[in-house]
Structure formats: structure tokens, C-alpha cells
Student: 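Got a structure for you, questions after.
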Amino acid sequence: MKIGVLALQGAFREHEQVLGSLGARYTEVRQPEDLHGCDGLVLPGGETTTQRKLAQTYGLWEPMEKLGRQGMPILATCAGLILLAKRIDEEPGSSMDLLDIDVRRNAYGRQVFSFETPLTVPCLDGVHDPADSFRAIFIRAPRITRVGPAVTVLASHKEDPVAVEQGNILGLCFHPELTPDTRFHIYFLEKVRNREASRPGRGTAAGIRVTAGHGS
Ligand code: GLN
């Protein structure tokens with residue numbers, strides 16, 4: 001199993017550190033060839049406009065979109081989530097439309113209004129205990145303004161959905177790579193393993209669970 005981490009701009013190194021700590025093999029993606037042999041993709045947070053321009057310039061936009069449509073598991077955080085949305089409210093037609101959500105960029109305000117908040121995330125192990133909530137860091141975060149019928153909301157902050165899932169795509173408005181809690185990455189790696197196991201000629205042990213602790 002190999003995870004491609006889009007490494008054009010933004011917080012890609014932090015994702016790599018988490019993947020490495022979980023024993024997952026990863027490769028940095030900067031050109032289309034780097035996608036060969038990848039079983040999953042991480043789109044990091046950063047600056048949406050810069051990432052889109054660089055991805056288009058280096059010929060990565062279409063191949064990534066195609067892989068997403070073919071069911072490749074994708075973990076998209078913050079700017080990554082914006083790039084996958086059906087529609088960016090202030091810039092329609094500039095996203096991949098792989099995730100049936102609409103988003104508004106920087107909707108919680110500027111950098112100084114970045115915040116941390118505990119989230120209850122029932123799909124992650126052990127979160128039924130409030131002490132096990134996920135500490136989410138929001139940095140110039142997007143707001144999800146519409147969620148389509150095929151999208152499952154995994155966590156909300158106040159009334160806003162902030163963690164969503166559609167098939168193999170996991171989209172987060174916050175930065176799980178900046179906290180020691182690795183549960184979202186583990187959840188994503190499970191999707192990659194399950195897809196691998198269900199493909200013809202691959203392993204048969206569908207649903208293998210990775211077990212790893214998470215920091216406090
Ligand atoms: N504000 C950024 C944008 O819209 C996204 C923020 C982030 O990725 N932390 O491009």
C-alpha cells in the first residue's frame with residue numbers, strides 16, 4: 001500500500017509524518033508520474049488558489065480528478081476539501097466536483113480567528129466518552145454551506161458540518177495532521193486497505209482494522 005501526498009504547497013510534511021508514524025508508505029506527488037502505484041491520496045491544507053494553479057500547471061488536476069472518480073480513497077483537509085467540493089461559493093466552476101458539498105472559503109474569518117475545538121466523532125473509536133473527543137484545529141477554515149444526499153456528516157461544529165464522507169472520500173475542514181491524535185488518518189488508511197482487499201487479485205481480508213493509540 002502506498003499513499004500519494006500532494007506536495008505542491010501547504011501542510012504536506014505534517015501529513016507525511018503522521019502516515020510514517022502509522023507505518024504507512026507514502027510518496028510525494030508533484031507530477032503525474034508520481035501517482036503511479038498509489039492506492040490513496042492525501043490533499044493537504046494550505047492555499048487553495050495556489051494549489052489549484054500549481055496542480056493545473058504540472059498536469060496533476062485531471063489525473064487526480066480521474067482517480068477520485070474511479071474510487072481512489074482521498075483524505076482532503078481544508079484547502080484540499082475546497083478543491084474537491086462541487087462548488088466554491090465565491091468561485092463557481094473552479095473545483096473538482098468529487099464531493100457533493102458547497103463551501104465558502106475563509107468563512108470563520110482571518111488567521112487571527114483560527115481556533116481549536118473538541119469534536120464528537122462517532123465513527124472514530126472510543127469517542128462515545130466525551131474525554132475522547134477529537135481536538136480539531138481550524139485555520140482560516142472553509143464553511144460547508146450545503147451537503148448533498150450522498151454525503152455523510154461525520155462531525156459538526158455548532159450547526160456546521162466539518163467532517164464529511166462520500167464513498168472513499170473523507171473531507172475535513174480542520175487540520176488532523178497538526179494534533180497527535182491519529183484517528184482520522186487511521187480511519188482513512190482503513191478505507192485504502194478495504195479498497196485494496198476488495199479489488200480482484202488483491203488480498204481477501206476485507207475490513208482489517210489498524211490499531212494504534214492516539215495522543216492526548
Ligand atoms: N483559507 C485557505 C483557502 O481558502 C484554506 C485554509 C487551510 O487550508 N487551512 O485557501
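Start at 1 and go down the list; that is how both ligands and their atoms are numbered.
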Student: Are the side chain of D181 and the backbone of R183 linked by a donor-acceptor contact shorter than 3.5 Å?
Tutor: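 Yes; judged by distance alone, with no hydrogens or angles, the pair exists.
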Student: Between F138 and F115, is the ring centroid distance below 6.0 Å?
Tutor: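 Ring centres of F115 and F138 closer than 6.0 Å.
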Student: Y26 pairs by side chain to side chain contact (heavy atoms under 4.5 Å, CB included) with which of V18, V5, V42?
Tutor: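 Passing option: V5.
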Student: Less than 3.5 Å apart, any donor N or O on the side chain of H185 or S21 sitting next to an acceptor on the other?
Tutor: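 The answer is no; no qualifying pair exists.
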Student: Report the residue from K66, K53, Q56 that forms a side chain to side chain contact (heavy atoms under 4.5 Å, CB included) with W61.
Tutor: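 Looking at K66, K53, Q56, the match for W61 under the side chain to side chain contact (heavy atoms under 4.5 Å, CB included) is Q56.
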Student: When you check ligand 1 against the protein, what N or O pairs turn up below 3.5 Å? List the atom names and distances, or just say none.
Tutor:
from, atom 1, to, atom 2, distance (Å)
ligand 1, 1 (N), N106, OD1, 2.4
ligand 1, 1 (N), R140, O, 2.9
ligand 1, 4 (O), T48, OG1, 3.3
ligand 1, 4 (O), R105, NE, 2.7
ligand 1, 4 (O), R105, NH2, 3.3
ligand 1, 8 (O), G46, N, 2.8
ligand 1, 8 (O), G46, O, 3.1
ligand 1, 8 (O), A79, N, 3.1
ligand 1, 9 (N), I139, O, 2.9
ligand 1, 9 (N), H175, NE2, 2.8
ligand 1, 10 (O), T48, N, 2.6
ligand 1, 10 (O), T48, OG1, 2.6
ligand 1, 10 (O), R105, NH2, 3.0

Student: Just do the salt bridge (Lys or Arg N to Asp or Glu O under 4.0 Å) check on R105 and E47 with the steps written out, would you?
Tutor: CA-CA 10 Å; R105 291 176 66 186; E47 223 289 315; 3.0 Å; yes
